[in-house]
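Bear in mind the structure is a predicted one, so any value in this text is a computation, not a measurement. Counting starts at 1 for both ligands and their atoms, in listed order.
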Amino acid sequence: MKGFTTKALHTYYKPNGEDGAIIPPLHLTTTFKFGNKSAYDYSRSGNPTRKILEKTIAALDGNKYGLAFSSGSTVLATVTHLVEGGEAILFSTDAYSGTYRYIVNVAGKQGLRYRSIDLTDLHIVEKTLKEIKTKLIWVETPTNPLLKVADIKRLSILADKYRVLLVVDNTFATPIVQQPAELGADIVVYSTTKYMNGHSDSIGGALTTSNNDLFIRLKFLQNAIGAIMSPFDSWLTLRGLRTLELRMNRHVENAVKVAAFLDKHPKIKKVYYPGLFTGEQGRIVRSQMKAPGAMMSIEIKDKYDVQKFLKKLEFFPLAKSLGGVESLIDHPASMTHASIPKAEREKIGLSDGLLRVSVGIENSADLIADLKQALSVL
Ligand SMILES: *Cc1c(COP(=O)(O)O)cnc(C)c1O
């Protein structure tokens, strides 16, 4: 089997004899002359630049088919249309805030049945599957922002037993770190906004699958709903993917060092990083992730002023999003997870002092020196 970067560079597109362009062209056309060889007719239904991206992401996941969307959120919105006839969707209590917002406040209001449960507890999962007729399980692993990991393989065994689809959001891990299809996921989904594009300059999403019937239905939904990735964003994301493996290796190398530094620091109460997990969570990390990723959350000891620390940082701007080449820091309680009610937030262990760190590809010594000086003023 070919390596990740070879696949990222050489899937589907081949420079042709006519113009020989090494890099795939950006096809900005909305429509196509009737009767063309590739049977393109309208860019919502299919676009050559998007198609190269779709094939490439599928190849990286080891799946047959891929579809690209205008955002990670519209992937969820499209996939929930697979749920019909009073069946339910299960998702995690500490899901991405937009997952919660869409399922509870949009689809739920239109009648979609849902249950939010702890997907790391397989007894609860099985009990729920027995109680409520379920169409799909939507699992994000590692989760945002506490980096909890769910056992994809065991979830897929349960999903098969109850004839339920397993959808894995692989945004935090990427295909480099985790291969959900190999572990039994029916559909793998991404916000390509994050590591996949990796340069914080394009909002997008994608899904991949090897199930032919599912793909036909999802492609129908992609066209019917129309939340497609634009040709330009497809082109940018393809460019980003060419360095995905190189970037992830560096992200992980830096994150391991940053986590080790923070974990030992006397002003830090706790570091949530898959690389530091022990017990059952550690076992899952080692069994299904090739590396611990580059996302972590930290809690500064209660007596210190979090805002003061944030203001002192030079290389960690306070911003939403993650997975770009540059490091970012986020304060979930006031930013990314503000849409989750405070009482709910506390129930899932998301304190007001928690900070989420996306470790970039800067030189690790500079990142550590920056964190050190910002902690020293507290
Ligand atoms: C960002 C994110 C999303 C949503 O993606 P958008 O591209 O922002 O719509 C979904 N899942 C996870 C895990 C994310 O990090």
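Scanning the protein heavy atoms around atom 12 (C) of ligand 1, the nearest turns out to be Asp169 OD2, 3.5 Å. Of the protein's non-hydrogen atoms, the one nearest atom 9 (O) of ligand 1 is Ser73 OG, 2.7 Å. Protein heavy atom in closest approach to atom 10 (C) of ligand 1: Tyr96 CD2, 3.5 Å. The protein heavy atom nearest to atom 2 (C) of ligand 1 is Lys194 NZ, 2.5 Å.
Residue-ligand proximity, Thr193 to ligand 1, at heavy-atom distances under 4.0 Å covers atoms 7 (O). Residue Gly204 has at least one heavy-atom neighbour below 4.0 Å for each of these atoms of ligand 1: 7 (O).
Leu76 has its side chain within reach of Trp138: a pair of non-hydrogen atoms, C-beta onward, lies under 4.5 Å apart. Contact of the Phe34 side chain with the Asp41 side chain is not registered, since no non-hydrogen atoms from C-beta on lie closer than 4.5 Å.
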What donor-acceptor contacts under 3.5 angstrom involve side-chain atoms of residues 251-260, with partners at least two apart or in another chain?
residue: His251; atom: ND1; partner: Val359; partner atom: O; Å: 2.8
residue: Asn254; atom: ND2; partner: Gly360; partner atom: O; Å: 2.9
residue: Asn254; atom: ND2; partner: Glu362; partner atom: O; Å: 2.7

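With sequence neighbours left out, His199 forms a ring-ring contact (aromatic ring centres under 6.0 Å, His included) with no residue at all.
Classification of Lys270 and Asp263 as a salt-bridged pair fails, no side-chain N sitting under 4.0 Å from a carboxylate O. In summary, Arg50 and Asp233 do not engage in a salt bridge, as defined by a charged side-chain N under 4.0 Å from a carboxylate O.
The shortest N or O to N or O distance between Gly72 and ligand 1 is below 3.5 Å. The shortest N/O to N/O separation between Asn144 and ligand 1 does not fall below 3.5 Å.
Residue contact annotation: Gly323 has no non-hydrogen atom under 4.0 Å from ligand 1. No heavy atom of Glu140 sits closer than 4.0 Å to any atom of ligand 1.
Other residues, nucleotides and ligands place no more than 12 heavy atoms under 6.0 Å from the NZ atom of Lys2.
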